[in-house]
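The basis for the numbers below is simple: all heavy atoms, side chains too, and nothing from hydrogens, waters or symmetry mates.
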Amino acid sequence: MSLSQSVHYEIMGRRGTRWTIVEVVNDRKIAVEKAEDFWGSKKYSGVKVLKESYDKESHEFASVEIYARGGNRKTSKYDQTGKISPCLTPDDLYRPDGRRAIWELLGNTLSDWMITPTELLHSLEHYFKLYNAGTKLQNAIQRTAVAYEDDNSSIQERMRKITKVVDTAIEIMKANQPTVPSLEVGRLKPVIEVLQDKGNKRFLLTSAITEYLRPAVTLSDKMGRLIAMLSGSRPAWVLEILDQMIAELFLHPSILGQMLGEPEDRGRFMIWLSHLQAGRLNLMGEDEHSPVFSDEILRLNGFLSEGKMPQVARALFNRLKIEIDLSKPICPGGLVAQLKGLDELKRAIDALQSDVGAIESLEEALASRSSRLLNSQAVGEMLYDTKSPIDQLNALLDLEKYTIGHSNKRMVANFMLPVLTRPEYESIFVGLDGGQPMQRMHDLVMLQKRIMEADLTEMHRRKIAEKLDGFCRAILDNTQILKKLHNLNISLQDKAKKILGLLADGYFTAGDCATRADHQVRLYMKQPGFTEGLITGLDRAAAEKELKAFRDLLERAGIAQGQQAKAPEHEETEETEAAEDAESSGETGDAAETTEPQA
């Protein structure tokens, strides 16, 4: 490790929805050449190179993408296709884009009246209510005309064209009204049989269902009536109509709470929604702590699981994205709890979804929500309440664990270096704040392990790990622990065991500190008769047990057997010189008597 290195290049490859670091190099040209090779191997759906740099004065990290191949987000089967255009014929009003445009223009009014675009287009009563509601219809026509880019006509001319389309649609409703069948107590089968051979059967059946829904006083009542009509024996065209009408009911924000119930923990609510969208809501009731859902919603779930409700699945997918984006708290609790709720939702989505494009689309929404949560003020308030820098770093690592999105994780990491470089914290990190130096060394090792396990860039991990190792080295120099251990009036074998025990139990950070301890143990082990000294006076069984225990201790300490001792990359310390004196004199027994350190 070297603090002098401030730039490197990370080659990242994508498999499925995840980007992982494939290789880290220090040369830009080599990085790009290797990235080209990885892309040419066809093993990755995307390859990119990030230039990672560190400013030693400001202690800030920066990341710039310098190469990219593939890796663009795949289109989800739930993505809306096509641009909303003005409805220039009556048929345009009834197509998906036309109904979507009606909701965008009149959504607030339709929400107040608890109806959908399809209901508006199939009921004269609903239309006349809109016509008589002041200027709502006129404003919608005007907004459409303004957005309609046609250089050959004025806004007034465009408004007249759109008004004519609306008037024609009204005439169609009037002409068909006498032939719209009546649904008696929701009995759909007789009506289907009557309409089966008619050319306008879809319009007539939709009108009949709209009229049947009109007396309903709540959205959940409407939803219940529609779900009750679902049956596996229905003709495909009938299921398509029910699919469309149920999907449009989910445009109303309140319907989900009415159908699922909305707990205080919105993260849990969104997990329920993600299960329903995937047709796997029934799995949420397998343990005694799961909620009990209504028969109606489980019936709809069954049709979703069979892929028979594609429009409903798309509507629920869009509702999930909207719920993620809402500013309401995800769950009770602070910043870590909020991010944890999003992370649990992400794990549920990854387990439920098979469409890569859908997963990436939702992960983008989750990453965007995470980014809004991870603002400087929120993180600063969290750290302000945590006085110890050790606790601050652990709190930031808790954030990182649940943070979604590489850029967001980098943001969290950028809060760490300032904690490590604040002058007033240095005495705490090096154990001069009245605490136990050995405990502080252990704290630093645990922090370093968490850093190396975190999903950070290679440069973030390396720079932070180096800083922690520097603090541990300062404690090692101040306390002279290795020298005190060497001067104990015990055998070389016991000295080696003590150092190995400290290594195994996490008292030497990876880097210079662990190298010093490793080097001192190897010097002891190189002494003539070291192995014999381990088993002197023991019978065969006890000797084998002792040797095995020593091998296990070496393994736990991370020292490979049979390797030659290598000098650490630092100036020789007094304890190293003393160990080398022991090597030259062939010492295998007792050393000079000294006081036992608190190790």
Side-chain angles (χ1 to χ4, degrees), residues 75-76 78-177 180 200 202-204 206-207 209-211 213-214 219 240-241 243-255 311 314-315 317-319 321-322 325-326:
T75 301
S76 165
Y78 303 117
D79 287 340
Q80 295 283 358
T81 58
K83 180 181 178 182
I84 295 179
S85 57
C87 299
L88 302 179
T89 69
D91 286 344
D92 291 342
L93 286 171
Y94 292 88
R95 293 193 177 101
D97 277 359
R99 298 195 307 273
R100 190 152 53 96
I102 290 172
W103 181 261
E104 290 192 2
L105 292 165
L106 296 166
N108 291 335
T109 300
L110 299 183
S111 290
D112 291 340
W113 295 348
M114 294 188 299
I115 63 174
T116 64
T118 292
E119 291 176 89
L120 178 64
L121 292 169
H122 290 82
S123 169
L124 283 171
E125 184 168 335
H126 291 323
Y127 167 73
F128 287 127
K129 185 176 181 180
L130 177 64
Y131 182 82
N132 294 319
T135 60
K136 293 182 185 294
L137 179 59
Q138 189 71 10
N139 289 340
I141 291 173
Q142 185 175 9
R143 287 171 58 194
T144 305
V146 170
Y148 176 24
E149 297 180 2
D150 183 356
D151 297 333
N152 299 322
S153 61
S154 65
I155 293 178
Q156 289 73 22
E157 289 174 337
R158 291 177 233 159
M159 288 181 65
R160 282 194 291 271
K161 288 180 183 179
I162 298 169
T163 301
K164 185 176 181 180
V165 171
V166 173
D167 291 342
T168 303
I170 302 310
E171 293 303 318
I172 292 173
M173 278 195 280
K174 289 179 178 178
N176 282 281
Q177 190 176 29
V180 173
N200 60 344
R202 290 175 179 270
F203 184 90
L204 294 175
T206 305
S207 299
I209 295 174
T210 297
E211 182 62 23
L213 296 178
R214 196 164 55 81
L219 290 172
E240 288 174 5
I241 292 172
D243 183 25
Q244 173 184 315
M245 299 188 77
I246 293 172
E248 287 189 7
L249 276 178
F250 280 115
L251 291 170
H252 293 272
S254 62
I255 187 64
Q311 295 185 71
R314 182 179 293 110
F317 181 85
N318 291 330
R319 284 302 323 167
K321 291 181 69 174
I322 291 171
D325 194 54
L326 288 178

Is the backbone of [Y] close enough, under 3.5 Å, to the side chain of [X] for a donor and an acceptor to pair up by distance?
| X | Y | result |
| --- | --- | --- |
| Ser154 | Glu157 | yes |
| Glu248 | Thr118 | yes |
| Asp112 | Thr109 | no |

From [X] atom [atom1] to [Y] atom [atom2], the distance as rounded to the nearest 0.5 Å:
| X | Y | atom1 | atom2 | result |
| --- | --- | --- | --- | --- |
| Lys321 | Asn318 | NZ | CG | 6.5 Å |
| Leu251 | Ile115 | CG | CD1 | 12.0 Å |
| Ile255 | Arg319 | CD1 | CZ | 10.5 Å |
| His126 | Leu110 | NE2 | CG | 9.5 Å |

Please tabulate, for the side chains in residues 162-173, all donor-acceptor contacts under 3.5 angstrom to protein atoms that are two or more places apart in sequence or on a different chain.
| unit_1 | atom_1 | unit_2 | atom_2 | d |
| --- | --- | --- | --- | --- |
| Thr163 | OG1 | Met159 | O | 2.8 |
| Thr168 | OG1 | Lys164 | O | 2.8 |

Can you classify the ring geometry of His122 versus Tyr94 as parallel (below 30°), tilted (30 to 60°) or perpendicular (above 60°)?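 Plane angle over 60°, so perpendicular.
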Check whether any side-chain heavy atom of Arg100 sits under 4.5 Å from a side-chain heavy atom of Asp97, and report yes or no.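 Yes; the side chains approach each other to less than 4.5 Å.
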Run Leu213 and Met245 through side-chain contact (heavy atoms from CB on, under 4.5 Å) and show every step you take. CA-CA 11 Å; Leu213 296 178; Met245 299 188 77; 4.0 Å; yes
Let me see the working for Leu249 and Leu219 under side-chain contact (heavy atoms from CB on, under 4.5 Å), right down to the final yes or no. CA-CA 7 Å; Leu249 276 178; Leu219 290 172; 4.0 Å; yes
Decide side-chain contact (heavy atoms from CB on, under 4.5 Å) for Leu121 and Ile102; before the verdict, give the C-alpha distance in whole Å, the side-chain angles of both, and the deciding distance to 0.1 Å. CA-CA 10 Å; Leu121 292 169; Ile102 290 172; 3.8 Å; yes
For the ring pair His252 and Trp113, is the centre-to-centre distance below 6.0 Å?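 Not close enough - the centres of the two rings lie 6.0 Å or further apart.
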